[in-house]
Amino acid sequence: MVKRRTFLAAPPAMALGAASLPLTGLAAPAVLNSESRLLPPASKKPRVVICGGGWGGMTAARYVRQYVPNADVVLLERNPTFWSGPMSNKWLVDIVNTDFVHHDMTHAANKYGYRLIQTEVNGFDRAKRQVRTAHGVVDYDYLILSGGIRDDFEAWFGEDREAVAYTSKHFNSAYIPNAKMHTVKAKLKNFKGGTMVMTLPPPPHRCPPSPYERACLMAWHMKKNKIPGKILILDPKPKIGPIGEGYRQAFEELYPEIITHVPNAGVKSLDPYKKRIVTAAGEYDFDDAILMPPHQAADMVWHAGLIGKGADGKPTGWADMDPRYFTARSDDRVYFVGDVMGAISPQFGYYPKSAHVANAIGKIVARNISERVAGKEVVARLPDNLCYMMVNGDPQEEIAVKFDYAVDAASGHVHQTQIDLDVRTNDMVKEDFAWIKGRFDDFLF
Ligand SMILES: Cc1cc2nc3c(=O)[nH]c(=O)nc-3n(C[C@H](O)[C@H](O)[C@H](O)COP(=O)(O)OP(=O)(O)OC[C@H]3O[C@@H](n4cnc5c(N)ncnc54)[C@H](O)[C@@H]3O)c2cc1C
């Protein structure tokens, strides 16, 4: 059982972060010059600044503190609390409670001994090794960017800001964990029937199997509550994947009247006001929708000027990095952790953009920095990946996918092996709950 959350009990100053001194103790927020220093300049201790306190950033903060005991570790996060993508689909339909998705962060900061500052990262001066935040400048010796993803609504609407804002407000997928997750939960609660459209982004995107899990659990909720709804999954891919066979069986055997999966249905245009969508596989009207535009690395990687370029000279949307050491190709003081990461291997492209991988890379990067600080040779290490997905709420049943990585001796490239566990079982539910407890115990509790 996951421990009860404590964020409600935290006093407001603590909820801002133990080190958010510029704001605490003041009668009214002072107008701060964003050029002023938020912290004193780094001392002789190496300062490691981590931007983004999600799965990857909180793991990195804990492990840099552990592996580089003399480091001054600073975690910058815009949200007052931690939000989790894993378990959030189950939370949407009340299979798990809020403790699984929303949690206090100050406990971990105090337990592991890093500074947590609640602020928005909005720029960098890499020549001066400085992060610019909403509350001032922070100097660094090593910088870790772990800001997760951003929604690329511009791919659909170009410069039409009104359409972007309207779609983000009314049809948000809440794939960026924050308070918007409540909006999706309320949408589902209030849904009285009709067609619910879900668009999937083109790969690579955050947690590839999870939109199908969401469809299954929404369908289970509709079935249980006798809501006369249909779910239309508009998928740009030619087939379901990963765990394609497990999901196909779940759709056909558990929800034949509810879920329709449409392959090759990349979005061509969308009218959010008239609730009409044109895809490569046909045109559809909807009553309500959860719309996922393409995903890209979070703004901070763009602000740092560290987005990769493809062979066509266009931005790849993801960090330009060394695939074995996770440093920026043009600046080895900068590391990437989690979903922001760029391409790894010609065989499979990107590591799955999953919490499991973010957690694993957070530890690997912490070790790499510790080796550098100690003047030792830096060892290249590989993650693994494991994702459990619930397809049935009663009886509770899950399927899963596992990825292993090794370096191919002939080519020198990282090689991926994928194992789909397509047969849904209750045992995998137990494994899933053990997995989340193990991960949260690792960096959050
Ligand atoms: C519905 C759903 C289900 C999922 N299920 C699973 C699963 O079962 N297993 C699994 O392994 N993965 C799962 N995932 C994927 C997982 O959530 C992500 O891969 C993981 O969160 C990536 O970690 P991250 O640290 O890169 O990003 P995040 O966890 O999103 O953290 C990024 C942090 O950076 C902060 N940030 C961003 N920009 C700024 C800024 N400018 N200033 C300050 N802070 C900033 C954000 O507020 C956020 O807290 C799921 C995701 C979703 C949406």
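First listed ligand is number 1; within each ligand, the first listed atom is number 1.
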[X] and [Y] aromatic centres sub-6.0 Å:
X      : Y      : answer
Phe440 : Trp55  : yes
His103 : Phe445 : yes
Tyr405 : Tyr351 : yes
Phe171 : Phe286 : yes

Using 4.0 Å as the upper bound for N to carboxylate O, is an ion pair formed by [Y] and [X]?
X      : Y      : value
Arg47  : Asp72  : yes
Asp152 : Arg150 : no
Lys224 : Asp394 : no
Glu253 : Arg248 : no

Tell me the protein heavy atom at minimum distance from [atom], and give that distance in Å.
atom                    : result
atom 21 (O) of ligand 1 : Trp55 CD1, 3.6 Å
atom 37 (C) of ligand 1 : Gly147 O, 3.3 Å
atom 15 (C) of ligand 1 : Cys207 CB, 3.5 Å
atom 42 (N) of ligand 1 : Val121 N, 2.9 Å
atom 49 (O) of ligand 1 : Glu77 OE1, 2.7 Å
atom 44 (N) of ligand 1 : Arg78 N, 3.2 Å
atom 27 (O) of ligand 1 : Arg206 NH2, 3.0 Å
atom 25 (O) of ligand 1 : Gly56 N, 2.8 Å

Counting only heavy atoms, tell me which of [options] gets closest to [atom].
atom                    : options                      : value
atom 18 (C) of ligand 1 : Thr59, Ile436, Asp339, Asn89 : Asp339
atom 5 (N) of ligand 1  : Gly123, Pro209, Pro86, Gly52 : Pro86
atom 16 (C) of ligand 1 : Ala355, Gly85, Pro208        : Ala355

[X]: numbered ligand 1 atoms lying under 4.0 Å from its heavy atoms:
X      : value
Asn79  : 47 (O)
Ser88  : 1 (C), 2 (C)
Thr119 : 42 (N), 43 (C)
Lys353 : 15 (C), 19 (O)
Cys387 : 9 (N), 10 (C), 11 (O)
Gly338 : 26 (O)
Met389 : 7 (C), 8 (O)
Glu120 : 40 (C), 41 (N), 42 (N)

Return yes or no for this condition: an N or O of Tyr175 is under 3.5 Å from an N or O of ligand 1.
-> no
Applied to residues 174-186, the side chain to side chain donor-acceptor pair (under 3.5 Å) test, sequence neighbours excluded, yields Asp94-Lys185, Tyr175-Ser210
Option passing side chain to side chain contact (heavy atoms under 4.5 Å, CB included) with Ile144 (candidates Val334, Val49, Val64) = Val64
How does [X] reach ligand 1, if at all, at less than 4.0 Å between non-hydrogen atoms: by side chain, backbone, both, or neither?
X      : value
Pro177 : side chain
Trp435 : side chain
Ser354 : both

Does the side chain to side chain contact (heavy atoms under 4.5 Å, CB included) test come out yes or no for Lys90 and Leu217, once each step is laid out?
-> CA-CA 7 Å; Lys90 298 176 192 83; Leu217 292 180; 4.0 Å; yes
Measuring from Glu252:CD to Tyr247:OH, what's the distance to the nearest 0.5 Å?
-> 15.0 Å
Go through the structure and list residues passing side chain to side chain donor-acceptor pair (under 3.5 Å) with Glu398, not counting sequence neighbours.
-> none
Closest approach of Lys363 to Tyr67 (non-hydrogen atoms, all atoms of both residues) = O-CE1, 3.9 Å
